[in-house]
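Since we're looking at a predicted model, the values are computed, not measured. All heavy atoms count here, side chains included; hydrogens, waters and symmetry mates do not.
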Amino acid sequence: MDALDISDQLAELRARVDHLLDRIAANSRLTAAAGLGTLGPTALPSGSALQLALGPMDLLVATMRLARTHKYAAVLRMVQRRADLRRRAYTRR
């Protein structure tokens with residue numbers, strides 16, 4: 001039984017992953033290094049540089065949360081109405 005040499009395929013797979021991460025960074029608002037988690041812990045000199053690198057990600061998260069605020073208000077109204085119906089049903093007994 002011979003051993004299989006798959007080192008060439010592993011190198012191609014690593015290159016493909018890097019290529020896909022670059023495409024994601026190009027097509028989204030995230031930076032390639034900070035937003036996708038490929039940034040090493042010693043790559044940035046200070047905390048302010050990290051904050052600047054993560055700025056687009058903060059904006060993206062804030063935008064996603066803004067889209068849910070209307071849904072949160074609707075859930076609150078639904079809970080209030082259900083509580084009101086339970087209160088009315090309880091007082092009728």
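Comment: Arg88 engages Asp84 in a salt bridge, judged by a side-chain N to carboxylate O separation of less than 4.0 angstrom.
To the nearest 0.5 Å, atom CD of residue Gln9 and atom CD of residue Glu12 are 6.5 Å apart. If you take CG on Asp22 and NE2 on His19, they are separated by 8.0 Å, rounding to the nearest 0.5 Å. Arg81 contributes atom CZ, which lies 10.5 Å from atom CG of Leu76 (distance to the nearest 0.5 angstrom). In this structure, CG on Asp8 lies 12.5 Å from CG on Leu13, to the nearest 0.5 angstrom. To the nearest 0.5 angstrom, Arg82 atom CZ is 13.5 Å from Gln80 atom CD.
In the displayed structure, Ile6 atom CD1 is contacted under 6.0 Å by at most 12 heavy atoms of other residues, nucleotides or ligands.
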